[in-house]
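Quick note on labels: first sequence line is chain A, next is B, and so on, each numbered from 1.
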Number of protein chains: 2
Amino acid sequence: MISSDLTRELFVTGSGARILLLVIDGLGGLPHPATGLSELETAALPNLDRLCGRSSCGLHSPLGPGFTPGSGPAHLALFGYDPWLRRIGRGALSCLGLGLDFRPGDVAARLNFCTVDGDGRVSDRRAGRIPTETCRRLCGLLADVDIPGVEVTVAPEMEYRAAVRFRGEGLSDGVGDSDPQVTGRPPLPLRAESADDRRMAAVAESFVARAGELLAGESPANMVLIRGFGSYPELPSMQDVYGLDPVGLAGYPMYRGIARAVGMDTPGCDARIDAQLDLLEARWQAGPEDFWYVHFKPTDSAGEDGDFDRKVSLLEEMDGHLPRLLDLKPEVLVVTGDHSTPSRMGGHSWHPVPVLILGEAGFPVAGTRMTERGCAGGSLGRIATTELMALALAHAGRLAKFGA
Amino acid sequence: MISSDLTRELFVTGSGARILLLVIDGLGGLPHPATGLSELETAALPNLDRLCGRSSCGLHSPLGPGFTPGSGPAHLALFGYDPWLRRIGRGALSCLGLGLDFRPGDVAARLNFCTVDGDGRVSDRRAGRIPTETCRRLCGLLADVDIPGVEVTVAPEMEYRAAVRFRGEGLSDGVGDSDPQVTGRPPLPLRAESADDRRMAAVAESFVARAGELLAGESPANMVLIRGFGSYPELPSMQDVYGLDPVGLAGYPMYRGIARAVGMDTPGCDARIDAQLDLLEARWQAGPEDFWYVHFKPTDSAGEDGDFDRKVSLLEEMDGHLPRLLDLKPEVLVVTGDHSTPSRMGGHSWHPVPVLILGEAGFPVAGTRMTERGCAGGSLGRIATTELMALALAHAGRLAKFGA
């Protein structure tokens, strides 16, 4: 993180310069074996390519060479927080994203509704992807779970996913997952990482057992898997660190969650990009906010599904929306991804992520394109993702000189 | 800083290999909007470009991406000291540069002679840029300031600038500036940063009040602003850290100051580059010294003034002097800047700075030029400014192998 007593005094507030950060999730990819071209190299991206010719470009790595980040660490790095030092359990992100009242001392986890057979073995880890409606009803059933001394709150997410918040004395987040990751096996027993975590493991074990009883008559979702235990993340806010007044527009709860964890206002937001842009435009002129984070999710999902062509189309779709962002005339526009999700790998990867920063103080290099290879020759070079915030602030004239 | 118990034993002394470091202040720039070419790209630099073809080239950042350094931190980084950890108040640099007897326990600050109106409001922060002669006379008046238990010494710099040294028990440098930075307001009260700094704040307040009385009859310089409080910088010397015998040739007091702070001999030196080179040539053959720092200031001033064309001319002028440096046949020649000063920004910036290192062990890359873009493909890549000293020593064969 660039925050410290040394750097904090350098952040210039009140300049009015606005930074707009568009995160195209899972942006980077790998060459298609048949063509030798990556998703970004295959897509027609006239707006992004034109922007590159006016911007500072480069490549960034969330965790350094070779290390693949989850969405949480990757986003923390984008916002300038050291992802190795600041861990946030996925459950905590879900709770934050759902807008649950989540406080220091609470512990959260994610739930999957699943199907178990007569012997208690998991036969479908996602219970046939039950509709969100059903998820909501089942969460209502789980409201009856009663654990002495602990307040339990269950909230639905999309389809088979839900989140649970435990509130009480002596809770902690050092507890393993119950998800066996494969079918044909029973859920794993909940293991405490240390003696201090034994109470939490016992509380969670009681919760799962009672949930099993309450769901026994349901089909297909007759059990829950629990994972991603996390405490309330006590991060300094972007207000404190950078003197920014930040807003996050993200349709998916987890991304809203991480945005809230760093102090962003996160208005309720549709997952469709055009709805997000409507909201952005409506608030942009009125608001005092000076840092805007907009999250575009579908590119990552296409990469995760191994669907090269769909990822290409989605990149082109996003490119088509860029003029709406430019029309807002932000003093600084940053376009990048949180990490790479090559379709060929069907998952996140460690490969560096292209980035462009458009602003007055930019240093463009001819021939730069919004691709993995096309950004390699940009003036930003290869940087750590955690360094992006300082560069964005610098391009916005919001970083004062250090020393005389 | 590259000094540590680990590296100190690696520095080879007695090889006789000399390192000549030419610092072209504020070297880097940004493209002119009309041409798309930076100051370095616009200038005709036949000597530098020819040298690039025989040198290791690259780009360096004094404070990392996005952070803009003052001259002090930037020079500390060039000499291999971590600029985030080693802060030197500008007053301390001035004192050192002026050759004042400055010792541990002393506190220094900078003075601006200024004009205040009848209500005590600053009407001109530079007192109409009074000539240096006047400054000298006014400093003489201030010799009469008498503060019990504190020895006060005032010394003139150029035009309206002076430095003050306080010597006595219990002084410290945690005191804010009195310069309001704008006209129409009275000087700021001197604020102590902590309880330990209250005595120093009171001493400085007495000094300013008494100075106001002594200058009351003067015009236009009837008051002083005080800023940049700094203690004696206790830095390990380049002799201790690298086993070098260093000399610094700089016309401006502040740069002599920082050179002295790291243990350089700093002979009195004209600010004109040809006079500096005369002095360099005269001492070069005779001296036992093996590290030479030569500072060329005018390029930075032109950038600060936003004068693109003048910066271009000055770069060309400096290029014309290069044969004199080459004629000395230093074993290693390093040409770089301390930071970028793009004319377009009219001030220092964070943009990486081109560097060339000419020496036996260099690895040239065809097509490299002494420009921001032309050095990006050099064999040194992108480095921290603090890494340059190790590279210079390595090119000079003055760094031994680590481990067997």
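Of the two parts of B/H351, only the side chain, counted from C-beta on, holds a non-hydrogen atom closer than 4.5 Å to a non-hydrogen atom of chain A. With a threshold of 4.5 angstrom between heavy atoms, B/L30 approaches chain A through its backbone and through its side chain.
Under 3.5 Å, the side chains of A/T386 and A/Y81 contain no donor-acceptor pair of N or O atoms. With no hydrogens or angles considered, a side-chain donor-acceptor pair links A/T341 and A/D300 at under 3.5 Å. No hydrogens or angles considered: a donor-acceptor pair under 3.5 Å links the side chains of B/E39 and B/S343. The closest side-chain donor-acceptor pair between B/E372 and A/S379, if any, does not fall under 3.5 angstrom.
Per-residue heavy-atom pair counts under 4.5 Å with chain A were compared for B/P69, B/S61, B/G72, B/P73, and the maximum is reached by B/P73. Listed options A/G403, A/A400, A/A366 were ranked by heavy-atom pairs under 4.5 angstrom with chain B; first place goes to A/G403. Highest contact tally toward chain B, considering only A/S56, A/G381, A/G397, is held by A/G381 [criterion: heavy-atom pairs under 4.5 Å]. Among B/S38, B/A74, B/P31, the residue with the largest count of heavy-atom pairs under 4.5 Å with chain A is B/P31. Among A/L388, A/L380, A/I383, the residue with the largest count of heavy-atom pairs under 4.5 Å with chain B is A/L380.
Annotation: A/Y293 is in aromatic contact with A/F79 [ring centroid separation under 6.0 Å].
Crowding of B/Q181 atom CD: a count of heavy atoms from other residues, nucleotides or ligands under 6.0 Å exceeding 12.
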